[in-house]
Amino acid sequence: MNHLKLPYWIMALVTGVYLFLHLPIIALIAFSFNDSKFSTEWTGFTLHWYERLLERQDILDGLKSSIIVGLSATVISTVLGTLMALALARHVFRGRRLVEAFLYVPIVTPEIVVGISLLILFVAMGVPLGLHSVVIAHVAFNVSFVVVVVLARLQGMDRNLEEAAMILGADELTTFWRITVPQLWPGIISGAMLAFTMSFDDYVITSFVTGTGSSTLPVVVYTMVRKNIEPSINAISTVVLVATTVLVIVAERLGRDKPLVADKD
Amino acid sequence: MSDPQAPVKLRQRILNWFHHHPQAKAWSLVLPGGLWLLVFFLAPVLVMFSYSLKERGIYGGVEDGFTVEHYLRFMDRLYLKILWRTVVDATVCTAICLLLGYPTAYVITRGGRLKGLLLFLVILPFWTSFLVRTFAMIFLMRDTGFINTLLLKLGLVTEPIVMLYTPFAVMTGLVYGFLPFMVLPIYSSLEKLDHSLLEAAEVLGARSTRRFLRVTLPLSMPGVVAGCLLVFIPALGSFLTSDLLGGAKEILVGNVVQAQFTSARNWPFGSAASFVLMALVLGAVMIYLRVRDGAEQPAER
């Protein structure tokens with residue numbers, strides 16, 4: 001901030017914005033270690049609320065469901081989305097504009113509409129609700145986001161390596177696996193990362209299409225928030241926050257460290 | 001004994017076939033995802049639309065018949081008020097996000113060594129669970145919450161200020177939730193800004209305020225417009241924030257939809273409400289496309 005002096009009021013405002021964005025979470029985390037059940041007054045350090053989490057079967061089950069759903073939905077939506085992105089970036093085909101326009105619809109559709117319309121469909125067709133229905137719903141709202149992310153990467157990609165491979169005698173499939181995929185890897189990872197986070201975080205859509213006994217973690221947390229205010233929620237929130245942050249950092253590393261990626265961004 | 005060459009030949013034949021049928025190749029890439037979206041996104045929305053035109057079933061669900069009464073119900077004062085409140089809340093939220101987000105994005109681009117950190121601190125909440133962040137707001141604002149406990153201890157107030165379950169709480173929650181969506185697109189368009197233009201303006205004698213108003217601001221308009229859309233749309237469709245922070249007082253269209261499918265068991269009306277919401281979103285997207293096409297032309301020259 002040294003090469004241009006900004007007015008003090010701007011600096012004050014922006015400092016305020018950063019405090020507003022982060023203080024609530026910091027307070028939330030700090031008080032997950034507070035040794036008082038009802039008050040928000042600091043009475044001492046404890047790990048009691050974390051121990052309580054381990055005793056609660058619904059939280060452990062929710063975490064398990066969330067991981068199963070998150071991983072399945074991520075794998076499916078990343079594969080489907082990457083294929084669609086390849087078609088859009090590399091091929092001119094009839095109906096292409098329609099496909100492009102259609103892809104943006106799920107992105108702007110309110111989550112609540114996505115969730116409820118799927119619930120209606122499942123009920124109308126007599127499909128039982130459970131983890132599978134949650135996975136189906138998550139893939140439906142994730143695919144478009146994966147396409148957008150992977151497409152952005154594809155559009156900036158150098159195609160010379162692919163052509164070189166083909167000239168040297170590799171067939172299309174070999175070129176795809178040995179050249180295109182490694183080159184596209186950071187885009188695929190970012191897409192998958194986005195898909196997993198959205199899936200892992202989603203409450204609104206999941207709450208409609210989940211069956212009894214297949215509640216994901218956000219559904220359990222929502223019930224906790226609704227019912228009571230004991231500090232266990234602070235603890236579970238902290239766990240979720242730490243998990244997502246670690247995930248973001250790991251994914252960033254994974255997406256970066258591919259030696260084949262030598263383009264100029 | 002099978003011919004070891006057979007799978008290779010088959011693979012070659014398939015690749016050749018696709019090579020000579022590029023349309024089929026493209027569509028075979030599109031179809032898996034496309035079908036998924038057709039069956040699990042488009043079909044449900046269409047079924048929902050048909051439900052919005054049917055009679056209400058007694059125990060949830062629908063009865064056969066055709067009626068537009070569920071849409072007409074939105075002409076009631078009660079629902080017009082909710083619609084109006086939803087649009088106003090989303091607009092105010094977008095305006096506040098813009099007022100806070102633009103300076104933030106601007107400071108990040110000028111951040112020097114701190115740039116990476118400042119950017120990371122805006123991206124982090126974007127990845128953080130929305131539910132957890134909404135709970136953080138409850139934790140701060142409830143009567144026995146962080147802020148009130150602090151104020152009481154400092155002796156600044158004698159009894160807790162009621163913040164939770166007020167319109168103020170909902171607006172704060174919305175801004176808190178969507179602010180990063182405003183900062184990031186503005187940041188990326190400020191980042192792309194050609195600094196030689198600013199230097200030219202400086203050489204030609206424009207002062208800093210004028211430089212900002214005549215060069216920086218117009219050139220960052222694509223980011224501003226995109227940011228506004230990214231905040232406005234989820235704010236329109238939000239229901240979790242008003243549900244958890246607004247209590248029963250600050251009902252938005254999203255809450256109407258949710259109530260029809262849970263407590264009220266009026267599926268056709270809930271479906272109609274969903275389509276009213278979709279219409280609002282579509283309207284916002286149309287305005288966005290209009291404004292974007294208007295704003296991008298001077299920027300591209």
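None of the values given here were measured: they were computed from a predicted structure. Below, chains carry the letters A, B, ... as their sequence lines are ordered, and counting in each starts from 1.
At a threshold of 4.5 Å between non-hydrogen side-chain atoms, the residues F20(A) and V175(B) count as touching. Inter-residue side-chain proximity for W127(B) and T245(A) is flagged as unmet; no heavy-atom pair is nearer than 4.5 Å.
Looking at L21(A), both its backbone and its side chain come within 4.5 Å of chain B, counting heavy atoms on both sides. Interface remark: T174(A) contributes backbone and side-chain atoms alike to the contact with chain B (heavy atom separation under 4.5 Å). Only the side chain of L240(B) comes within less than 4.5 Å of a heavy atom in chain A; its backbone stays farther off. Both the backbone and the side chain of L244(B) come within contact range of chain A, judged by heavy atoms closer than 4.5 Å. Looking at I112(A), only its side chain comes within 4.5 Å of chain B, counting heavy atoms on both sides. In this structure, chain B has a heavy atom under 4.5 Å from the side chain of V240(A), while its backbone stays farther away. Only the side chain of L241(A) has a heavy atom closer than 4.5 Å to any heavy atom of chain B. At a 4.5 Å heavy-atom cutoff, the contact between F208(A) and chain B is made by side-chain atoms alone. Both the backbone and the side chain of P103(B) come within less than 4.5 Å of a heavy atom in chain A. Contacts between V45(B) and chain A at a heavy-atom distance below 4.5 Å involve backbone atoms as well as side-chain atoms. Only the side chain of W36(B) comes within contact range of chain A, with at least one heavy atom under 4.5 Å from a heavy atom of that chain. Both the backbone and the side chain of M193(A) come within less than 4.5 Å of a heavy atom in chain B. Residue V183(B): no heavy atom, backbone or side chain, is found under 4.5 Å from chain A. At a 4.5 Å heavy-atom cutoff, the contact between V281(B) and chain A is made by side-chain atoms alone. With a threshold of 4.5 angstrom between heavy atoms, V92(A) approaches chain B through N, CA, C or O but not through any side-chain atom. Residue contact with chain B, scored on non-hydrogen atoms closer than 4.5 Å, is absent for T238(A). Neither the backbone nor the side chain of S28(B) comes within less than 4.5 Å of any heavy atom of chain A. With a threshold of 4.5 angstrom between heavy atoms, V17(A) approaches chain B through side-chain atoms but not through N, CA, C or O. Both the backbone and the side chain of L83(A) have a heavy atom closer than 4.5 Å to some heavy atom of chain B. With a 4.5 Å cut-off on non-hydrogen atoms, T197(A) touches chain B through its side chain but not through its backbone.
For the atom pair F102(A) CZ and L42(B) CG, the distance stands at 4.5 Å (nearest 0.5 Å). The distance from atom CD of E172(A) to atom NE2 of H19(B), rounded to the nearest 0.5 Å, is 6.0 Å. Atom CD in Q260(B) sits 9.0 Å away from atom CD1 in I116(A) (nearest 0.5 Å). Residue M11(A) holds its CE atom at 12.0 Å from CZ of R110(B), rounded to the nearest 0.5 Å. In this structure, F40(B) CZ and L118(A) CG are separated by 8.0 Å, a value rounded to the nearest 0.5 Å. To the nearest 0.5 angstrom, I25(A) atom CD1 is 6.5 Å from R133(B) atom CZ.
Residues passing the side chain to side chain contact (heavy atoms under 4.5 Å, CB included) test with V149(A) are S190(A), L194(A), sequence neighbours excluded. Residues forming a ring-ring contact (aromatic ring centres under 6.0 Å, His included) with F139(B) (at least two apart in sequence, or on another chain): F31(A).
Ion pairing between D243(B) and R226(A) holds under the 4.0 Å rule for side-chain N and carboxylate O.
Heavy-atom pairs under 4.5 Å with chain A peak, among W27(B), Y51(B), F239(B), F49(B), at W27(B). For chain A, the option among I123(B), L277(B), L15(B) with the highest count of heavy-atom pairs below 4.5 Å is L15(B). Interface summary for chain A: among G101(B), P180(B), P32(B), the most heavy-atom pairs under 4.5 angstrom belong to P32(B). Here L131(B) is the residue among I233(B), V257(B), L131(B) with the most heavy-atom pairs under 4.5 Å with chain A.
Of all heavy-atom pairs between R94(A) and Q23(B), the closest is N-OE1, 3.3 Å. Contact record, V39(B) with L121(A): O-CD2, 3.7 Å, taken as the closest heavy-atom pair. Here the closest heavy-atom approach between residue S117(A) and residue P44(B) is recorded as O-CB, 3.3 Å. Closest heavy-atom contact between A87(A) and V30(B): CB-CG2, 3.4 Å. Across Y18(A) and L118(B), no two heavy atoms sit closer than the pair OH-O, 2.9 Å. Listed here is the closest heavy atom pair of P106(A) and L37(B): CG-CD2, 4.2 Å.
Using a distance-only test at 3.5 Å, with no hydrogens or angles considered, a donor-acceptor pair links the side chain of H22(A) to the main chain of L121(B). Under the 3.5 Å distance criterion, the side-chain polar atoms of Y203(A) are left unmatched by any main-chain donor or acceptor of S129(B).
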